[in-house]
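First comes the structure, then the notes that go with it.
Counting convention: from 1, in listed order, for ligands and their atoms alike. All values below come from the heavy atoms of this structure, side chains included, with hydrogens, waters and symmetry mates left out.
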Amino acid sequence: AKEAGRNNIRVFKSEMNAQVTERLNLQTRLRRAVDQGDFELVYQPQIDLLTGSVVGLEALLRWRLETGEWVPPDAFIPIAEETGLIVPIGEWVLINACQQNYHWQRAGFPAVPVGVNLSARQFSDPELLDRVRRVLSQTGLDGSMLEVELTESAFMHNVEEGINTLNALKELGARLAVDDFGTGYSNLSYLKRFPVDLLKIDQSFVRDITTDPGDAAITQAVISLGHSLNLKVIAEGVETLEQHEFLRKHACDQLQGYYFSPPLLARDVPAVIRQQGWA
Ligand code: C2E
Ligand code: CA
Ligand code: CA
Ligand code: CA
């Protein structure tokens, strides 16, 4: 038994080393990716449930490797957060999302806001507001064409600061969405105090909405909570007609998911919107 225990420790240690090495490796490669700009934004349409037209495009980050492979954000955002690399990456995202949207506004199509995800660290960065102001003025994009997506945990760090930052973003014309709603902080009183426009029901609730009574109940509750506070509610991760039907029956405002469209390359966005008749 003793022998086995020792072996376990050895195995555990070498796994740890492998993990540490892998993390360092990832960190180095991520730093290089920042310098070389090996990122790309893809855009996922958000559809108004009643009119069936596109009302927004969420910008989602991809890291493009030399091999042509794409790394999804969940594989590198946490490390980018820990190392602070999220700040330059986030700035790149903001600039590119606003630039792209400005081009679409100039072209007259699609005339909808762009949703940008901000992580906790970006949101608590004291330079965030200056950054956003600068990007809007440099790109020429109207602030009302920017929607900021934040998780509950991102603005619960420092409530007073958070409120000030959100109010300042609102003054720039931006819309504010609570991302992954219901998965994080449970004290809902912030909803009264924070100038939020939109609740995003997390896909973990939407997934089993038609089979799991608990998920169905939570989703219905979020929709009525949102509406009673005068907020719009959007469901993410909508993949099936059945989910769509459920959400329509319960008066959800907007939908986003593979049922409508995967995230798209920027160059494909106008054509897909036209072909699908979403505008
Ligand atoms: P999120 O903001 O909750 O984004 C929704 C995720 O669900 C996206 O994954 C999207 O591609 C995926 N998705 C869309 N429709 C469906 C569907 O019908 N079914 C399923 N199963 N999934 C669907 P993605 O693009 O891999 O992004 C993962 C997370 O990474 C995002 O979650 C967001 O938290 C973060 N992220 C993405 N881009 C950025 C960024 O530019 N900055 C920051 N800070 N975080 C980002
Ligand atoms: Ca999001
Ligand atoms: Ca989510
Ligand atoms: Ca998320």
Could you tell me whether the side chains of Q46 and Q256 share a donor-acceptor contact shorter than 3.5 Å?
yes

Between R29 and E22 (salt bridge meaning N to carboxylate O under 4.0 Å), is one present in this structure?
no

Can we say K200 and E147 salt-bridge, meaning some charged N sits less than 4.0 Å from an Asp/Glu carboxylate O?
no

Which N/O/S atom belongs to D202 and is the closest one to the Ca ion (ligand 3)?
OD1

Counting each atom of ligand 1 from 1 as listed, which ones have a heavy atom of I77 under 4.0 Å away?
43 (C), 45 (N), 46 (C)

Could you state the interatomic distance from CD (Q122) to OG (S119), rounded to the nearest 0.5 Å?
4.0 Å

Ligand 1 to Q256 polar contact by distance, N or O atoms, under 3.5 Å
no

Should R134 and E127 be marked as a salt bridge (Lys or Arg N to Asp or Glu O under 4.0 Å) after you check the CA-CA gap, both sets of side-chain angles, and the distance that decides it?
CA-CA 10 Å; R134 188 157 15 95; E127 284 174 42; 5.1 Å; no

Test your reading of the model: is there a side-chain donor-acceptor pair from E161 to the backbone of S124, 3.5 Å cut-off?
no

With the threshold set at 4.0 Å, does a side-chain nitrogen-carboxylate oxygen contact exist between R32 and D38?
no

Relative to the heavy atoms of D180, which atoms of ligand 1 are at a distance of less than 4.0 Å?
3 (O)

D74 heavy atoms within 4.0 Å reach ligand 1 at atoms 28 (C), 29 (C), 30 (O)

Does ligand 1 have a heavy atom under 4.0 Å from the side chain of Q122, from its backbone, from both, or from neither?
side chain

Under 4.0 Å from any heavy atom of E239, which atoms of ligand 1 are there?
17 (C), 18 (O), 19 (N), 20 (C), 21 (N)

Looking only at side chains, do D180 and T183 share a donor and an acceptor under 3.5 Å apart?
no

With a 4.0 Å heavy-atom cut-off (strictly under), which part of V93 contacts ligand 1: side chain, backbone, both or neither?
side chain

From the candidates P72, P73, G115, the one that places a heavy atom nearest atom 24 (P) of ligand 1
P73

So is P263 touching ligand 1 or not, going by heavy atoms under 4.0 Å?
yes

Verdict with supporting geometry, N167 and E171, side chain to side chain donor-acceptor pair (under 3.5 Å):
CA-CA 6 Å; N167 280 327; E171 272 166 32; over 6 Å; no

E236: numbered ligand 1 atoms lying under 4.0 Å from its heavy atoms:
3 (O), 5 (C)

Flag if over 12 foreign heavy atoms under 6.0 Å of NZ, K232
no

So for I89 against ligand 1, with non-hydrogen atoms under 4.0 Å, the contacting part is neither

Between ligand 1 and L61, is the shortest N or O to N or O distance under 3.5 Å?
yes

The Ca ion (ligand 2) reached by E149 (N, O or S, under 3.0 Å)
yes

Any side-chain heavy atom of I201 sitting closer than 4.5 Å to one from I223?
yes

Examine the proximity of ligand 1 to R207 and report which part, side chain or backbone, both or neither, has a heavy atom under 4.0 Å away.
neither

Kindly identify the option in F260, Y258, F123 whose heavy atom sits closest to atom 18 (O) of ligand 1.
Y258

For Q44, the ligand 1 atoms with a heavy-atom partner under 4.0 Å come out as 14 (C), 15 (N)

The Ca ion (ligand 2) to nearest N/O/S of E236 less than 3.0 Å
no

If we only count heavy atoms from C-beta on, is the D48 to W278 side-chain gap below 4.5 Å?
no

Answer with yes or no whether the hydrophobic clustering places I234 together with Y258; edges join I, L, V, M, F, W, Y residues whose side-chain heavy atoms lie under 4.5 Å apart.
no

Identity of the N, O or S atom of D179 lying closest to the Ca ion (ligand 2)
OD2

Hey, is V42 touching ligand 1 through its side chain, its backbone, both or neither, going by heavy atoms under 4.0 Å?
neither

Of Q99, Q105, R106, the residue whose pairing with Y102 passes side-chain hydrogen bond (donor to acceptor under 3.5 Å, both in side chains):
R106

Can you tell me if K200 contacts ligand 1 (heavy atom of the residue under 4.0 Å from the ligand)?
no

Name, closest N/O/S atom of D180 to the Ca ion (ligand 3)
OD1

The Ca ion (ligand 2) to E58: nearest N/O/S atom name
OE2

Would E58 count as a contact of ligand 1 if the rule is a heavy atom under 4.0 Å away?
yes

Salt bridge (Lys or Arg N to Asp or Glu O under 4.0 Å) assessment of E40 paired with R64
CA-CA 7 Å; E40 174 126 10; R64 210 178 336 94; 3.3 Å; yes

If you measure from each heavy atom of R62 to ligand 1, is any distance below 4.0 Å?
yes

